[in-house]
Amino acid sequence: MDSQIPASAAPISSKNMAIEDARRSVTYHPSIWGDYFLAYTSDVMDILAHEEQERQRLKEEVKKLLAATPDYSLHKLDLIDAIQRLGIGYHFETEIENSLKYIYDTFHESNDIRTCALRFRLLRQQGYYVSSG
């Protein structure tokens, strides 16, 4: 029986010690960006505050537009559709719900297929039962 331990079975730490001793330290060139991004963060906070004000202003403008548009008009359906497709409908849930409830409660017959299809889809998405026939 061979009592010698092969070199590959030697403890890892003794192998690494020899390799680490042989390595040279490396000095990297300084980044061309320097401290630009460290200083950039303070500017971001100012921009975010400005963007928040602009977002609130635009949100109020859309709320006014929703309130000013008559519930029975095709323009109201188009506006609700656009808001939902943009993915910002969650900001105007109450206004959209109130408008669609009015549209559902006061059914107006329309000969325009686009208006019927849009009304049908918006009401169904909101959970109202609308007959497809």
Side-chain angles (χ1 to χ4, degrees):
M1 193 164 180
D2 192 328
S3 65
Q4 290 183 343
I5 299 175
S8 62
I12 295 174
S13 61
S14 66
K15 280 184 174 179
N16 289 344
M17 294 298 277
I19 293 172
E20 287 177 9
D21 292 339
R23 286 187 183 170
R24 294 183 309 143
S25 66
V26 178
T27 55
Y28 294 101
H29 296 287
S31 171
I32 60 170
W33 295 104
D35 293 337
Y36 175 75
F37 289 109
L38 294 175
Y40 183 71
T41 56
S42 64
D43 295 340
V44 170
M45 295 304 172
D46 295 337
I47 292 171
L48 290 178
H50 174 67
E51 287 176 354
E52 179 63 26
Q53 290 172 349
E54 180 69 12
R55 185 179 69 83
Q56 288 298 330
R57 187 188 67 76
L58 291 172
K59 196 170 154 181
E60 289 302 317
E61 189 176 323
V62 171
K63 280 185 181 183
K64 287 177 186 173
L65 188 59
L66 274 169
T69 308
D71 285 328
Y72 54 85
S73 72
L74 173 62
H75 183 65
K76 181 73 145 212
L77 291 173
D78 284 333
L79 186 59
I80 292 171
D81 184 42
I83 289 169
Q84 288 179 344
R85 285 179 183 254
L86 285 171
I88 58 172
Y90 64 94
H91 288 292
F92 313 102
E93 285 177 355
T94 343
E95 293 85 0
I96 290 173
E97 177 63 34
N98 293 341
S99 295
L100 289 178
K101 181 167 178 32
Y102 178 83
I103 290 168
Y104 178 75
D105 290 342
T106 59
F107 176 71
H108 294 288
E109 193 71 34
S110 175
N111 293 333
D112 182 25
I113 188 86
R114 180 178 173 276
T115 305
C116 288
L118 185 57
R119 179 184 175 276
F120 176 81
R121 183 175 58 80
L122 289 175
L123 289 173
R124 278 287 179 99
Q125 281 178 341
Q126 200 68 20
Y128 290 101
Y129 174 75
V130 182
S131 173
S132 60

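This one's a predicted model, so the numbers in the text were calculated from it and none came from an experiment. Count residues from 1 along the sequence.
Side-chain heavy atoms closer than 4.5 Å link hydrophobic residues (I, L, V, M, F, W, Y) into clusters, and following such links, possibly through other members, connects Leu77 to Phe120.
A pairwise comparison of heavy atoms in Ser73 and Pro70 identifies OG-O, 2.9 Å as the closest pair. Looking at every heavy atom in both residues, Phe92 comes nearest to Ile88 through CD1-O, 3.4 Å.
Within 6.0 Å of OH in Tyr72 there are 12 or fewer heavy atoms belonging to other residues, nucleotides or ligands. Within a 6.0 Å sphere centred on CG of Leu86, heavy atoms belonging to other residues, nucleotides or ligands number more than 12.
The side-chain hydrogen bond (donor to acceptor under 3.5 Å, both in side chains) test applied to Thr115 returns Asp112, not counting sequence neighbours.
When side chains are defined from C-beta on, Leu66 counts as touching Ile80, because their heavy atoms get closer than 4.5 Å. Inter-residue side-chain proximity for Ile96 and Gln84 is flagged as met; some heavy-atom pair is nearer than 4.5 Å. Proximity of Gln125 to Leu100: side-chain heavy atoms (C-beta onward) are nowhere separated by under 4.5 Å. Side-chain contact between Leu65 and Glu95 is absent, with no heavy-atom pair separated by less than 4.5 Å. At a threshold of 4.5 Å between non-hydrogen side-chain atoms, the residues Val130 and Arg119 count as touching.
Between atom CG of residue Leu118 and atom CD1 of residue Ile113 there is a gap of 12.0 Å, rounded to the nearest 0.5 Å.
No side-chain donor-acceptor contact under 3.5 Å links Gln56 and Glu60.
Checked by atom type and distance alone, the side chain of Lys76 pairs as donor or acceptor with a backbone atom of Thr69 at under 3.5 Å. In this structure, Asn98 contributes its side chain and Thr94 its backbone to a donor-acceptor pair below 3.5 Å.
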Glu52 vs Arg55, salt bridge (Lys or Arg N to Asp or Glu O under 4.0 Å): CA-CA, chis, key distance, verdict: CA-CA 5 Å; Glu52 179 63 26; Arg55 185 179 69 83; 2.8 Å; yes

Test log, rule side-chain contact (heavy atoms from CB on, under 4.5 Å), inputs His91 and Ile83: CA-CA 9 Å; His91 288 292; Ile83 289 169; over 6 Å; no

Derivation of the side-chain contact (heavy atoms from CB on, under 4.5 Å) call for Gln53 and Arg57: CA-CA 6 Å; Gln53 290 172 349; Arg57 187 188 67 76; over 6 Å; no

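In the hydrophobic clustering, where aliphatic and aromatic side chains (Ile, Leu, Val, Met, Phe, Trp, Tyr) are joined below 4.5 Å either directly or transitively, Tyr90 stands alone.
Ionic pairing of Glu97 and Lys101 is not present here: no N-O contact between side-chain nitrogen and carboxylate oxygen is shorter than 4.0 angstrom.
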